[in-house]
Engineer: 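Submitted below is the structure of interest, expressed as structure tokens.
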Amino acid sequence: MAPVEAQMRVLMSGTEFGDADTARTMERELVERLEEDRPLRIYCGYDPTSVDLHLGHTLTMRKLRQFQDFGHEVTFLIGNFTGLVGDPSDKNHERPMLTPEQLAENATTYTQQAFRVLDGESTTVRYNADWLGRLGFADVLRLCSKFTVAQFLKRENFARRYERGDAIHLNEFMYALMQAYDALHLDTDVQVGGTDQLFNLMAGRTLQQDAGKRPQVVLTLPILVGTDGHARMSKSTGNTIGIDDSPSDIYGKVMSLPDSAIVDYFTLVTPLAPDEVDAVRTALDGGTLRPMEAKKRLAWEVTASLYSAEEAAAAQAYFESTIQRRETPEEMPEHPLDGRAALTRVLTEAGLATSNGEVRRLVAQGAVALNGEPVEDFTIEVAPGDEIRVGRHRFLRLVEDAR
RNA sequence: GCAGGGGUGGGAGAGUGGCUAAUUCCAGCGGACUGUAAAUCCGCCGCCUUACGGCUACGCAGGUUCGAAUCCUGCCCCCUGCACCA
């Protein structure tokens, strides 16, 4: 196995803990385990309620992958039991009760997407319903007895809501218990999670210690900001970069990040080694690397890591041509047309505008071009062979309807 | 069940009889500027209509009124607390 120091440098990169003490403890304990010079067992749990993974979800996967690359064993845990129970206290937050079929389906797409980052060959997939579903009430009570209400209320999340008089449901406490029990059951060396999961991960340590086992090492990763550069990346904010987005979309969206996010993105969502990231940071600080060049490299890396070097290169070429030089791309979405038709109809049908009124607006604002010429009258007709540009980078080529 | 608080455009949140297609903010879109962005500035931002204009909209259904998101009646739903829980 690689030298412990080399591993530590990579494995600790990007991690973020609530406080310095925790960080030191985890660092020390991880070193201890690595020094045993054996494949460690790592896991991270995923909630299969949502299907569309975005870059924010990949941070932990990236971390798991780093472990894999050093020859450690990764367990990809699907929290299907949690999804089965749902979260009645959180009705409007996409935590519905899912049927076993839905869950199974989600789990499948989930792992498929995850394996874009993970090495599927050496990943063990497990489902927590396999053990959580077998616990009896007495077992649950026993688990409950290991924690106190005060411990839970100390959590900022709960404390604030309790102060405000908001509802805190008992099952919200149970989620931490379930996660903690997962850790106890899996008996792995390290658990990875987001910083928002720190409490739950630490609860796992509590149970393990209580059971006379060595508590797991806990590694937490920060929350990734979205394309706006500020808010947490999430679907509801609409600032996501989806794993299943096209290479060009991914590339373009990464390019739209503000400069402030560059280094964090390099660290958290690319396979670059810490030394390489440091080199980028230094070059940026020293002014020898222009932010845009750094970002193009970033966009390339992110795209390539989810697709391939070829597709990343193509996405980059498209970006340089279409966005930077404002050229008309070779390839553009095509829209079949049977003879001439009103511009309004074509644009709404093609989804480039949601209503005729919007077409009018776009034209009035000079956002629509037909074959390179700005359109001034929204009542014009278009015909197969025409190329339409809407805004900066939306194109449409009209083709003869091949019926 | 009791008490209180709510349901307004993608979100937040004003508005308590006409001046409101509905203040404002966020998001979104377009333009300018750029390094693609971000920041900033300008414009747009319900639907139909070349236009005039029309239509639909403030939980649902009725009603009062010349006129209602705004008043009345009934209903539905949500939130919080209390009560109940063989």
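Owing to the predicted nature of the structure, the values given are computational and were not obtained by experimental measurement.
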Engineer: Across the strands shown, which category fits A/Lys296 at heavy-atom distances under 4.0 angstrom: base, sugar-phosphate, nothing?
Structural biologist: nothing
Engineer: Taking 4.0 angstrom as the limit, do A/Arg205 and A/Glu29 come out as a salt bridge?
Structural biologist: yes
Engineer: Over how many whole Å does the gap from A/Met292 atom CE to B/rG35 atom C1' extend?
Structural biologist: 5 Å
Engineer: Would you say A/Gln324 places a side-chain N or O within less than 4.0 Å of OP1 or OP2 belonging to B/rU36?
Structural biologist: yes
Engineer: Find the distance A/Met255:CE to B/rG35:C1' and express it as a whole number of Å.
Structural biologist: 8 Å
Engineer: Round to the nearest Å and state the distance from A/Glu293 atom CD to B/rA37 atom P.
Structural biologist: 15 Å
Engineer: Hunt down the Watson-Crick or G-U wobble partner of B/rA27, both distances under 3.5 Å, from any strand shown, or write none.
Structural biologist: none
Engineer: Can you tell me the distance, in whole Å, between the NE2 atom of A/His393 and the P atom of B/rG28?
Structural biologist: 12 Å
Engineer: Ignoring backbone atoms, establish whether A/Arg325 has a side-chain N or O less than 4.0 Å from OP1 or OP2 of B/rU36.
Structural biologist: no
Engineer: Using a cut-off of less than 4.0 Å, is there contact between a side-chain N or O of A/Ser355 and OP1 or OP2 of B/rC48?
Structural biologist: yes
Engineer: I'd like to know whether the aromatic ring centres of A/Phe76 and A/Tyr43 sit less than 6.0 Å apart in this structure.
Structural biologist: no
Engineer: In this structure, how many angstroms lie between the P atom of B/rU36 and the OH atom of A/Tyr318, rounded?
Structural biologist: 15 Å
Engineer: A/Arg394 side chain: which of B/rA37, B/rC29, B/rC47 is closest?
Structural biologist: B/rC29
Engineer: Can you check whether any acceptor in the base of B/rG43 is under 3.5 Å from a donor in the side chain of A/Gln365, or vice versa?
Structural biologist: yes
Engineer: Taking only the side-chain nitrogens and oxygens of A/Arg361, find out if one of them lies under 4.0 Å from OP1 or OP2 of B/rG43.
Structural biologist: no
Engineer: Hey, which sits more toward the 5' end of RNA chain B by its nearest nucleotide, A/Arg326 or A/Ser256?
Structural biologist: A/Arg326
Engineer: Taking for each residue the nucleotide of RNA chain B with the nearest heavy atom, is it A/Arg360 or A/Gly366 whose nucleotide lies nearer the 5' end?
Structural biologist: A/Gly366
Engineer: Are A/Asp119 and A/Arg65 within salt-bridge range, i.e. N to O under 4.0 Å?
Structural biologist: no
Engineer: Could you tell me how far apart A/Arg392 (CZ) and B/rG30 (P) are, to the nearest whole angstrom?
Structural biologist: 10 Å
Engineer: Please evaluate residues A/Gln197 and A/Asn200 with respect to the criterion side-chain hydrogen bond (donor to acceptor under 3.5 Å, both in side chains), reporting the C-alpha separation (whole Å), side-chain torsions for both, the decisive distance (0.1 Å), and the verdict.
Structural biologist: CA-CA 5 Å; A/Gln197 299 291 310; A/Asn200 300 352; 3.3 Å; yes
Engineer: With a 3.5 angstrom cut-off on both distances, give the Watson-Crick or G-U wobble partner of B/rG4, or none if there isn't one.
Structural biologist: B/rC79
Engineer: Using Watson-Crick or G-U wobble geometry with both distances under 3.5 Å, which nucleotide pairs with B/rA39?
Structural biologist: none
Engineer: Just the rounded figure in Å: distance from P of B/rG30 to CZ of A/Phe378.
Structural biologist: 19 Å
Engineer: Rounded to the nearest 0.5 Å, how far apart are OG of A/Ser246 and OH of A/Tyr251?
Structural biologist: 13.5 Å
Engineer: Roughly how far apart, to the nearest Å, are B/rU8 and B/rG59 at atom P?
Structural biologist: 6 Å
Engineer: For a quick test of reading the model: is some side-chain N or O of A/Asn356 closer than 4.0 Å to OP1 or OP2 of B/rC47?
Structural biologist: no
Engineer: With the side chain of A/Lys295 defined as its heavy atoms from C-beta on, choose the nearest nucleotide among B/rU36, B/rG30, B/rA51.
Structural biologist: B/rU36
Engineer: Check whether any side-chain heavy atom of A/Gln324 lies under 4.5 Å from a side-chain heavy atom of A/Lys296, and answer yes or no.
Structural biologist: yes
Engineer: Does any donor-acceptor pair link the side chain of A/Arg290 with the base of B/rU34 at a separation under 3.5 Å?
Structural biologist: no
Engineer: Starting at CD of A/Glu358 and ending at C1' of B/rG46, how long is that distance when rounded to a whole Å?
Structural biologist: 12 Å
